[in-house]
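Just so it is clear: chains get the letters A, B, ... in the order the sequence lines come, proteins before strands, and each one is counted from 1. Reckoned from all heavy atoms, side chains included, excluding hydrogens, waters and symmetry mates. Bear in mind the structure is a predicted one, so any value in this text is a computation, not a measurement.
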Amino acid sequence: MAKVSQSLQGMTDIEFPEVNIWQTLESRAREVMLQYDFKEIRTPIVEMTSVYLHSLGDTSEIVQKQMYAFETRGGKQVCLRPEGTAGVMRYVSNNMQELQDARLYYMGPMFRAERPQAGRKRQFHQLGVECIGGASARQDAEVIALQDSLFKAWELDGVVFQLNTRGSSEDFPKILDGLRSELMPSTDDLCEDCRRRMDNNVLRVLDCKNPGCKTVVEGLSPITTWMAPESVAYFEEVLATLDTFGVSYVVNPLLVRGLDYYQHSIWEVTSDRLGAQDALSGGGRYQMKANGKTIEGVGFGIGMERALMALAKEVEDKFSAEALPLVMLVGQNEEAQAANLPLIVQLRELGYRVRMDLNGKSMKAQMKAAGRQQARWVLIRGESELEAQTIQIRDMESGEQREVPFADIAKTLNTHW
RNA sequence: GUGGGUGUAGCUCAGUUGGUUAGAGCGUCGGUUUGUGGUACCGAAUGUCGCGGGUUCGAAUCCCGUCACUCACCCCA
């Protein structure tokens, strides 16, 4: 029996100081989105299950095994969103007139009932971008450049953009057939999983980790072999535009994405700080049906937990630090503490981060607390200061302390800042 | 879904072949002539030994189940 007080498997509390890193990432992301003129969209966390069946395809493992699905009291089949794209597509399809070329982003929790491990939670958080509109190589490149800007704003180093193309939807059957016919003679050298993939997911054979499969894959023709020349040209234009934008990348001909709706440009961003789940982001151009309409777009999703793990230690420390220094009010006796009550209001109105003891602790205890809470300044008042209308301002880093007129508090603090 | 490791005070952990009132360090709280933190000294509090069941005269220790954490497979962000 689980204790009532335990949190659910794979679902964790995000607490201080880590929560400050989240806030920094989020606010910096919003700045970048503004620069690229993308608008936020907040879709519900619960959707009709059909929303995901249509967009992800009902054979994907996410839909088959990982969704938190349940029936409402009214008998509707609903689920907690396992990813963000489908909900945005549902939104866009209902507002097609106004949203011909929507540029949207979202941030929030997603739910997948997988076995947790490093970089894999059951409730995890994604930042996603969807750029809706007709296919163009420049649009693909702009979205990748946006992501590159985002990672720079997050001061993420050591990440690698890996790009590939899956060709157009017309190319797709040809690619699958081509791959199958080349793999057929080596079927016996493939692992059990890959033999199964031959039928339902040939592309997946390309990124199998099994050494035997890797050897077979090395001998295959690149998948561009089976694509129309226009598709190859499309991808080349994406790469050329990225060069213009100054985005660095590597082309990985073996990169495939798990979801069926992708076509043309696909990419993943990996980091060596992540362990086995080394992809912190994945994206691509897609075409999918929602409410009977076909929507084209390009987008990506970033696993926030993974992005956090990929941060260098120094950056983590920087992002988790409190933005404002702490001012602590200390009163020697009850009279001084009562007098500090209106003072704390004034200082907060001036924008300072201020605290004081509210439990009548001894002065020593108050000082100790100030030290523990890493107060930058302590303002001390006792009998003599009350009488003289002054206050002691102590710099907790240097230990230096001086008495200033009560009216000069803000001025004195500001000269330090 | 499959497999491995782990679960003892707020934190990091110790706990001998099962044997009395379960320990340490750090942290917390209080004190070292009642107006001053971060160093020192003194003192104090705190655990259903993850949870449930079993074996035993006796279980933190052995067995089973369960929950959670963790790592890998798988899948994906």
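- Partner assigned to B/C76 is none, using Watson-Crick or G-U wobble distances below 3.5 angstrom.
- In this structure, A/Arg115 reaches the bases: a heavy-atom distance under 4.0 Å links it to at least one base atom across the strands shown.
- Nearest-nucleotide positions on RNA chain B place A/Asp193 closer to the 5' end than the other of A/Asp193 and A/Ser281.
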Could you write out each protein N or O paired with an N or O of nucleotides 38-43 of chain B at a distance under 3.5 Å?
unit_1, atom_1, unit_2, atom_2, d
B/G38, N2, A/Met396, O, 3.4

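- Between the CZ atom of A/Arg372 and the P atom of B/C11 there is a distance of 17 Å, rounded to whole Å.
- In terms of modelled atom types and a separation under 3.5 Å, the side chain of A/Arg394 and the main chain of A/Glu400 share no donor-acceptor contact.
- Among the protein residues, A/Arg204 comes within range of the sugar-phosphate backbone only, with heavy atoms under 4.0 Å from sugar or phosphate atoms but none that close to a base.
- Among the heavy atoms of the strands lying under 4.0 Å from A/Gln332 is at least one base atom, whether or not backbone atoms are also near.
- Rounded to whole Å, atom P of B/C74 lies 12 Å from atom CG of A/Asp278.
- Qualifying side-chain contact (heavy atoms from CB on, under 4.5 Å) partners for A/Ser248, counting only residues two or more places apart in sequence or in other chains: none.
- A/Glu385 comes within 4.0 angstrom of a base, heavy atoms only.
- Between B/G18 and B/U55, the distance separating the two C1' atoms is 11 Å to the nearest Å.
- Take the nearest nucleotide of RNA chain B for A/Lys121 and for A/Gln401: the residue whose nucleotide is more 5' is A/Gln401.
- Across all strands, A/Ala370 comes closer than 4.0 Å to no nucleic acid atom at all (heavy-atom distances).
- Residues from residues 262-272 of chain A that place a heavy atom under 4.0 Å from any atom of RNA chain B: there are none.
- Residues A/Tyr262 and A/Asn164 have side chains that never bring a donor and an acceptor to within less than 3.5 angstrom of each other.
- Backbone-only contact: A/Ala365 has heavy atoms under 4.0 Å from sugar-phosphate atoms and none from a base.
- For the side-chain hydrogen bond (donor to acceptor under 3.5 Å, both in side chains) with A/Arg285, the qualifying choice from A/Gln139, A/Gln263, A/His264 is A/Gln139, the only one to do so.
- For A/Ile380, counting side-chain heavy atoms from C-beta on, the closest listed nucleotide (B/G35, B/C69, B/A72) is B/G35.
- Residue A/Gly283 is classed as having no contact, given no heavy-atom separation below 4.0 Å to the nucleic acid.
- Counting to the nearest Å, the C1' atom of B/U66 and the CG atom of A/Leu8 are 15 Å from each other.
- If you check every strand for non-hydrogen atoms under 4.0 Å, A/Gly10 touches sugar and phosphate atoms only.
- Taking side-chain N and O atoms only, A/Gln117 has a distance below 4.0 Å to OP1 or OP2 of B/A72.
- Using modelled atom types and a 3.5 Å distance limit, the side chains of A/Glu182 and A/Ser221 yield a donor-acceptor pair.
- Nucleotides B/G4 and B/U46 are separated by 41 Å at their P atoms, to the nearest Å.
- With a cut-off of 3.5 Å on both pairing distances, the Watson-Crick or G-U wobble partner of B/U6 is B/A68.
- In this structure B/G47 sits in no base pair that meets the Watson-Crick or G-U test at under 3.5 Å.
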